[in-house]
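See below for the structure under consideration.
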Amino acid sequence: MSTTDHLARRLDDAATSRTAIPQFDADTALDVPTAYRVQQAVVDHRLSRGERPVGLKLGLTSRAKMAQMGVDEVIWGRLTDAMHISDGGTLRLSAHIHPKAEPEVAFLVHGGAITAVAPALEVIDSRYVDFRFTLPEVIADNTSASGFVLGAWQPLPDGIDNLGVLLEVDGRPVQTGSTAAILGDPRRALAEAVRLAAASGVDLADDSVLLAGAATAAVRLRAGSHVRVTVDKLGTASLRVAS
Ligand code: 0L1
Ligand code: MG
């Protein structure tokens, strides 16, 4: 088995068994192009179980997250239909390892252009112990992608570059921020996603969902809680957490 297939198998096993794995050995020497090949192989495991690709996500889109990782490059991952949770729907903790939610903006893309926008929650769930990873390791892990909730799609209004974002748990504010934290303007996500995915030979297909990035830090999900994002002008998206 190649190193790529071996690492992809370990990450897929971690996800399906809900068991975090340690970071790879130092002598694994994973570079960024190889990490994207591992990511493709990880997602291929999902597709072989019948999941369908539905779009892409960007990660590390805020200065704060880039500084935390010591990098200055956005990363991207792949979304499948099985990751979609309907608005107001339920996430089962037992189907995850240690999931967190972060408030985002989502775009619908057709013909290379943004055709609609929605408030969104991304559920991230690192397959590594304690969310500890290097940049290539988190790329290989499909940038921690695990779930997403989309609020109502609507035409892209003018000026979404500095909208207020509120993340509430059980009706209490836990994070506040602005869409400005997403690449300075979330609309930049489209060009970034096209550029980054093209480097791996991947196109943004028509009717793809694009998760543009997080507007605040992520919050850990706890059984019984209700999590809601509100983005000014765009509305809300929410999920319930069951054990
Ligand atoms: O969507 C994101 O920005 C997450 C990227 C991966 C880093 C993490 O798991 O926090
Ligand atoms: Mg995210």
Side-chain angles (χ1 to χ4, degrees), residues 11 14-15 18 20-24 30 32 35-36 38-39 42-43 54-80 83-85 91 96-107 117-151 165 167 174-175 177-190 192-193 196-197 200 208-221 227-229 231 234 237-239:
L11 286 163
R18 290 72 155 128
I21 56 172
Q23 291 181 251
F24 300 137
L30 199 59
V32 166
Y36 277 112
V38 176
Q39 179 190 118
V42 166
V43 175
V54 293
L56 304 180
K57 61 159 281 188
L58 294 184
L60 308 184
T61 45
S62 68
R63 286 271 141 226
K65 272 208 186 188
M66 282 187 199
Q68 199 182 320
M69 288 291 298
V71 296
D72 57 8
E73 178 74 320
V74 170
I75 59 178
W76 67 280
R78 293 155 161 99
L79 304 175
T80 74
M83 298 178 189
H84 181 233
I85 302 163
L91 171 141
H96 297 78
I97 302 172
H98 40 201
K100 301 179 185 179
E102 52 189 24
E104 303 224 358
V105 168
F107 297 119
V117 61
L121 285 170
E122 183 184 13
V123 178
I124 54 173
D125 192 26
S126 176
R127 270 54 68 164
Y128 301 105
V129 172
D130 294 338
F131 269 83
R132 287 182 187 278
F133 37 67
T134 62
L135 186 74
E137 284 168 339
V138 71
I139 290 170
D141 186 23
N142 198 20
T143 63
S144 306
S146 185
F148 62 96
V149 181
L150 303 172
V165 176
L167 186 65
V174 292
Q175 294 284 340
S178 161
T179 55
I182 308 167
L183 298 169
D185 181 336
R187 287 170 295 191
R188 295 202 174 109
L190 178 57
E192 286 294 296
L196 290 165
S200 293
S208 286
V209 173
L210 173 60
L211 287 183
T216 75
V219 297
R220 185 77 185 263
L221 294 177
V227 180
R228 184 171 74 160
V229 57
V231 182
L234 303 185
S238 68
L239 62 80

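Ligands are counted one by one from 1 in listed order, and the atoms in each one are counted from 1 as well. Excluded from the calculations below are hydrogen atoms, water molecules and symmetry mates; all remaining heavy atoms, backbone and side chain alike, are included.
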Counting each atom of ligand 1 from 1 as listed, which ones have a heavy atom of [X] under 4.0 Å away?
X      : answer
Glu122 : 1 (O)
Phe131 : 9 (O)
Gly59  : 1 (O), 2 (C), 3 (O)
Leu60  : 3 (O)

Worksheet item: Hey, is ligand 1 close enough to Phe133 that some N/O pair sits below 3.5 Å?
Response: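 No.
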
Worksheet item: Within the structure, does Thr143 bring an N/O atom to less than 3.5 angstrom of an N/O atom in ligand 1?
Response: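 No; every N/O pair is 3.5 Å or more apart.
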
Worksheet entry | N/O/S atom name from Glu104 that is nearest to the position of the Mg ion (ligand 2) |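 Going through the N, O and S atoms of Glu104 one by one, OE2 ends up nearest to the Mg ion (ligand 2).
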
Looking at [atom], what's its closest protein heavy atom, distance included?
atom                   : value
atom 9 (O) of ligand 1 : Ser144 OG, 2.7 Å
atom 2 (C) of ligand 1 : Glu102 OE2, 3.3 Å
atom 4 (C) of ligand 1 : Lys65 NZ, 3.6 Å
atom 6 (C) of ligand 1 : Val138 CG2, 3.5 Å
atom 1 (O) of ligand 1 : Lys57 NZ, 2.8 Å

Practice prompt. Please work out whether the ring planes of Phe24 and Tyr128 are parallel, tilted or perpendicular, with thresholds of 30° and 60°.
Written response: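 If you compare the ring of Phe24 with that of Tyr128, the planes turn out perpendicular.
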
Worksheet item: Relative to ligand 1, is Met69 under 4.0 angstrom through side chain, backbone, both or neither, heavy atoms considered?
Response: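 Within the 4.0 Å criterion, Met69 makes no contact with ligand 1.
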
For [X] versus [Y], what's the shortest heavy-atom pair and its separation?
X      : Y      : value
Ala120 : Leu150 : CB-CD2, 4.1 Å
Phe131 : Ser144 : CE2-OG, 4.5 Å
Pro22  : Val129 : N-CG2, 4.0 Å

Discussion item. Would the distance check show the side chain of Asn142 and the main-chain N or O of Gly77 forming a donor-acceptor pair, the cut-off being under 3.5 Å?
Written reply: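 Not a single qualifying donor-acceptor pair exists.
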
Worksheet item: Under 3.5 Å, side chain of Arg127 to main-chain N/O of Leu11, donor-acceptor pair present?
Response: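 No, the answer is negative, given that no donor and acceptor are paired below the 3.5 Å cut-off.
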
Item to complete: May I ask whether Lys100 places a heavy atom under 4.0 Å from ligand 1?
Response: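 Judged by the 4.0 Å heavy-atom criterion, Lys100 does not count as contacting ligand 1.
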
Discussion item. Checking side-chain contact (heavy atoms from CB on, under 4.5 Å) between Leu58 and each of Leu211, Leu190, Leu183, which is the one that passes?
Written reply: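 Of Leu211, Leu190, Leu183, side-chain contact (heavy atoms from CB on, under 4.5 Å) with Leu58 is met by Leu183 alone.
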
Worksheet item: When rounded to the nearest 0.5 angstrom, what is the spacing between CD in Glu192 and CD1 in Ile182?
Response: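 That separation rounds to 13.5 Å.
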
Discussion item. Set out, in order, the CA-CA distance, both residues' side-chain angles and the distance that settles side-chain hydrogen bond (donor to acceptor under 3.5 Å, both in side chains) for Arg132 and Gln23, then state yes or no.
Written reply: CA-CA 7 Å; Arg132 287 182 187 278; Gln23 291 181 251; over 6 Å; no

Worksheet item: Once rounded to 10°, what is the value of the angle centred on the Mg ion (ligand 2) between Glu102 OE2 and Glu122 OE1?
Response: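 So the angle at the metal works out to 110°.
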
Discussion item. Cation-pi check for Phe148 against Lys57: NZ or CZ below 6.0 Å from the six-membered ring centre and within 45 degrees of the axis, yes or no?
Written reply: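 Output no; distance or angle outside limits.
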
